[in-house]
Peer 1: 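Let me begin by handing over the structure; questions about it come next.
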Amino acid sequence: RTQARAQLTTRSPKTELDLTFLLDTTGSMGDELEYLQSEINSIASTIASKHPQMQPRFNLVVYRDAGDAYETRGFQWGSSADLKKNLDQQSVDGGGDYPEAVAAGLKATTDLGWRSGANVARMAFWVADAPHHIGEEGDVKASIREAQKKDVHLYPVAASGTDDRAERLRRRLMDPS
């Protein structure tokens, strides 16, 4: 805690924001997708009003699972209107087994063209209810480490229906040391 506090106090105010939503779009995630679709304008407005100095860019990465219509889909950085348009075009489907393409989704997120520089706040909200496939722990940890190297702050959001196993895995994986 002391180390985290020291890091925060040495950071300078940011003037740019790169914000990505990493979203599981398998069949069980309908409520979460609908919520984001209805609330994204409010989220963007809150950012603009509370941080008027920020120059935000938004992005979306969605994932399902191998054998579904797609494993991952990424979009170009853009405005909140671009994010809203991309979110509105999404639907839920697939999955079927419990684990999903978490490793592929995290890799797609870390591979985005994040802006560099000390004046950029980089954040990704990972909204999901299922864990990665067994055997992909190394890939998931590698993506989380890569996000840390790029100073991308990854915030996992447990969706409704997340079981204890997925929650424990997510918490443990967020500390990839």
Side-chain angles (χ1 to χ4, degrees), residues 18-44 56-114 122-150 152-176:
D18 281 358
L19 177 60
T20 293
F21 288 89
L22 171 60
L23 181 62
D24 173 350
T25 54
T26 57
S28 60
M29 293 293 293
D31 290 346
E32 289 75 13
L33 177 60
E34 286 177 21
Y35 179 80
L36 279 174
Q37 288 169 330
S38 68
E39 293 297 320
I40 200 62
N41 287 337
S42 176
I43 292 167
R57 301 191 305 175
F58 298 91
N59 208 328
L60 174 67
V61 174
V62 294
Y63 67 91
R64 289 187 179 164
D65 206 2
D68 290 342
Y70 60 86
E71 192 170 35
T72 64
R73 276 190 194 153
F75 299 87
Q76 298 294 317
W77 290 101
S79 67
S80 60
D82 296 325
L83 175 60
K84 172 73 172 144
K85 182 181 106 183
N86 291 331
L87 265 171
D88 286 347
Q89 292 173 352
Q90 303 311 306
S91 62
V92 296
D93 193 23
D97 62 345
Y98 186 52
E100 309 300 358
V102 170
L106 286 167
K107 173 110 174 72
T109 300
T110 59
D111 288 348
L112 293 173
W114 297 91
R122 291 169 286 280
M123 306 168 82
F125 289 93
W126 169 26
V127 183
D129 65 351
H132 61 282
H133 289 277
I134 292 174
E136 294 182 343
E137 295 82 3
D139 294 336
V140 171
K141 285 183 178 184
S143 290
I144 292 170
R145 281 190 196 105
E146 184 63 24
Q148 289 173 334
K149 285 181 196 171
K150 293 180 177 183
V152 175
H153 298 266
L154 184 61
Y155 298 96
V157 179
S160 59
T162 300
D163 73 0
D164 290 343
R165 176 179 168 254
E167 183 65 24
R168 279 191 309 273
L169 284 169
R170 199 168 281 118
R171 287 176 190 231
R172 191 174 66 223
L173 288 170
M174 292 312 296
D175 181 18

Peer 1: Spell out, as yes or no, whether a donor-acceptor pair under 3.5 Å connects the side chain of Gln89 to the backbone of Leu87.
Peer 2: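 Not confirmed, Gln89 side chain does not pair with Leu87 backbone.
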Peer 1: Using 0.5 Å steps for rounding, measure from the CG atom of Leu22 to the OG1 atom of Thr109.
Peer 2: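 If I round to the nearest 0.5 Å, the distance is 4.0 Å.
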Peer 1: To the nearest 0.5 Å, tell me how far Phe125 CZ sits from His153 NE2.
Peer 2: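 Output value for this atom pair is 11.0 Å.
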Peer 1: For residues Asn41 and Lys84, determine if any side-chain heavy atom of one lies less than 4.5 Å from a side-chain heavy atom of the other.
Peer 2: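 Asn41 vs Lys84: side chains touch.
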Peer 1: Below 4.5 Å, heavy atoms only, C-beta onward: do Gln90 and Leu60 meet side chain to side chain?
Peer 2: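 Yes. Closest side-chain heavy atoms under 4.5 Å.
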Peer 1: Evaluate the side-chain proximity of Phe21 to Ile40: yes if any heavy-atom separation is below 4.5 Å, no if none is.
Peer 2: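 Yes; the side chains approach each other to less than 4.5 Å.
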Peer 1: Using every non-hydrogen atom in the two residues, find where Met29 and Ala128 come nearest and quote the distance to one decimal.
Peer 2: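 Answer, listing the atom of Met29 first, then Ala128: CE-CA, 3.8 Å.
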Peer 1: Can you list every salt bridge (Lys or Arg N to Asp or Glu O under 4.0 Å) pair that touches residues 23-43, not counting sequence neighbours?
Peer 2: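 Pairs touching residues 23-43 that pass the test: none.
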Peer 1: Closest heavy-atom contact between Leu23 and Leu33?
Peer 2: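 So the minimum-distance heavy-atom pair works out to CD2-CD1, 3.6 Å.
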Peer 1: Tell me which pairs pass salt bridge (Lys or Arg N to Asp or Glu O under 4.0 Å) where either residue lies in residues 56-79, with sequence neighbours left out.
Peer 2: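 Non-adjacent pairs meeting salt bridge (Lys or Arg N to Asp or Glu O under 4.0 Å): Asp18-Arg57.
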Peer 1: What's the spacing between Thr72 OG1 and Leu106 CG if we round to 0.5 Å?
Peer 2: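 That separation rounds to 11.0 Å.
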Peer 1: Ignoring hydrogens, what is the shortest heavy-atom contact between Thr26 and Gly94? Give both atom names and the distance.
Peer 2: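 Closest approach of Thr26 to Gly94, heavy atoms only: CB-O, 3.9 Å.
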Peer 1: So do Ser79 and Asp82 actually touch side chain to side chain, heavy atoms under 4.5 Å?
Peer 2: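 In contact.
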Peer 1: Only counting residues at least two apart or in another chain, list the ones meeting side-chain contact (heavy atoms from CB on, under 4.5 Å) with Ser38.
Peer 2: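 In terms of side-chain contact (heavy atoms from CB on, under 4.5 Å), with neighbours along the sequence ignored, Ser38 is linked to no residue.
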Peer 1: I need the Leu19 CG to Leu83 CG distance, nearest 0.5 Å.
Peer 2: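 The distance works out to 7.5 Å.
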Peer 1: Quick one, Leu112 and Val152 - any side-chain contact, counting heavy atoms below 4.5 Å?
Peer 2: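 Side-chain contact under 4.5 Å: no.
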Peer 1: Check whether Lys150 reaches the backbone of Thr110 with its side chain - one donor and one acceptor, N or O, closer than 3.5 Å.
Peer 2: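 Yes; at least one donor-acceptor contact below 3.5 Å.
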Peer 1: Please collect all salt bridge (Lys or Arg N to Asp or Glu O under 4.0 Å) contacts where either partner lies in residues 100-109, sequence neighbours excluded, each pair once.
Peer 2: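 Residue pairs passing salt bridge (Lys or Arg N to Asp or Glu O under 4.0 Å), neighbours aside: Lys107-Asp111.
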Peer 1: Does any pair with a residue in residues 61-94 pass ring pair (Phe, Tyr, Trp, His ring centres under 6.0 Å), and if so which ones, sequence neighbours excluded?
Peer 2: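 Applying ring pair (Phe, Tyr, Trp, His ring centres under 6.0 Å) to every pair that reaches into residues 61-94, excluding sequence neighbours, yields Trp77-Trp114.
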Peer 1: What residues form a side-chain hydrogen bond (donor to acceptor under 3.5 Å, both in side chains) with Ser28, not counting sequence neighbours?
Peer 2: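 With neighbours one apart ignored, the set is Asp129.
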Peer 1: Testing the basics here: between Ala103 and Ser143, what is the closest heavy-atom pair and its distance to 0.1 Å?
Peer 2: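 Reported closest heavy-atom pair: O-OG, 4.3 Å.
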